[in-house]
Amino acid sequence: MRIDVVSIFPSYFDGLTLSLLGRARDSGILDLHVHDLRDWTHDRHRTVDDTPYGGGAGMVMKPEPWGLALDELTSNDTRPTIIFPSPAGEVFTQATARELANREHLIFGCGRYEGIDERVFEYAAALGEVRLISLGDYVLNGGEVAVMAMTEAIGRLIPGVVGNPESLVEESHEDGLLEYPSYTKPAVWRDHEVPPILLSGNHGAIATWRREQQLERTRARRPDLLEG
Ligand SMILES: NC(=S)c1ccno1
């Protein structure tokens, strides 16, 4: 999979050289490129924003640099998926991550200021599948943090990125429930004991207990996941 990220703060993504995704990039499993939107400006000040038509506070990202960036980044392929993090977008879930992990080419566009000129999304629709996606109902200062989160959630699902694919199965949201609690040595820590069932060696009983824990935690913390 190829991922292109466009931002006015490309150094935000230095963290994507570390750990699993860093190793996936080094091995060629993940072909990730981070770009500075200002590289597609042509004025002395490398301007990417201007005042909003209709008035209002703040600045809006100009369409021209985005148009040039998208033209260049989509020139070699069929129809990439072009994702813009936005509090006005669909909510990102594990199902979204699984869906997008099957794409060949993702382009992430990080908005800043009061957002990107709406015509960029209209223009991009002719170049690929456009998705406005939100991490949740809150506002960030820009899309970079959201792209870091989405890139990790998607990247870890790409075959070969995580050493043991089994570890991807029993995770929160993989089966629509929250994951069960995990424990490791010592069996007693500061008078806190590991649940005895986990020391029993009875794998059937352990599996049943873990499922019960998943349901109990989901009912308590995320009852919405059990509706419908
Ligand atoms: N909630 C999201 S993803 C966002 C992006 C920018 N501001 O909020």
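For reference, positions follow the sequence shown, starting with 1. Numbering of ligands and ligand atoms starts at 1, following listing order.
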Residues Asp117, Tyr53; criterion side-chain hydrogen bond (donor to acceptor under 3.5 Å, both in side chains); working and verdict: CA-CA 10 Å; Asp117 187 300; Tyr53 278 122; over 6 Å; no

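- Atom 3 (S) of ligand 1 has its closest protein heavy atom at Leu135 N, 3.2 Å.
- No N or O atom of Asn141 sits closer than 3.5 Å to an N or O atom of ligand 1.
- Using modelled atom types, no side-chain atom of Thr41 and backbone atom of Leu37 make a donor-acceptor pair closer than 3.5 Å.
- What sits closest to atom 8 (O) of ligand 1 on the protein, heavy atoms only, is Leu140 N, 3.0 Å.
- Atom 4 (C) of ligand 1 has as its closest protein heavy atom Pro87 CD, 3.5 Å.
- Here the protein heavy atom with the shortest distance to atom 1 (N) of ligand 1 is Tyr138 O, 3.0 Å.
- Relative ring orientation between His35 and His33 is described as parallel, the plane-to-plane angle staying below 30° on a 0-90° scale split at 30° and 60°.
- Taking a cut-off of under 4.0 Å to the non-hydrogen atoms of Gly136, the atoms of ligand 1 that pass are 1 (N).
- Taking a 6.0 Å sphere around CG of Asp43, one finds it holds more than 12 heavy atoms contributed by other residues, nucleotides or ligands.
- You'll find the side chain of Pro80 reaches within 4.5 Å of the side chain of Ile82, heavy atoms only.
- Ligand 1 has no nitrogen or oxygen under 3.5 angstrom from a nitrogen or oxygen of Val139.
- Under the 4.0 angstrom criterion for non-hydrogen atoms, Gly142 is in contact with ligand 1.
- No salt bridge links Glu179 with Arg217; every basic N to acidic carboxylate O contact stays at or beyond 4.0 Å.
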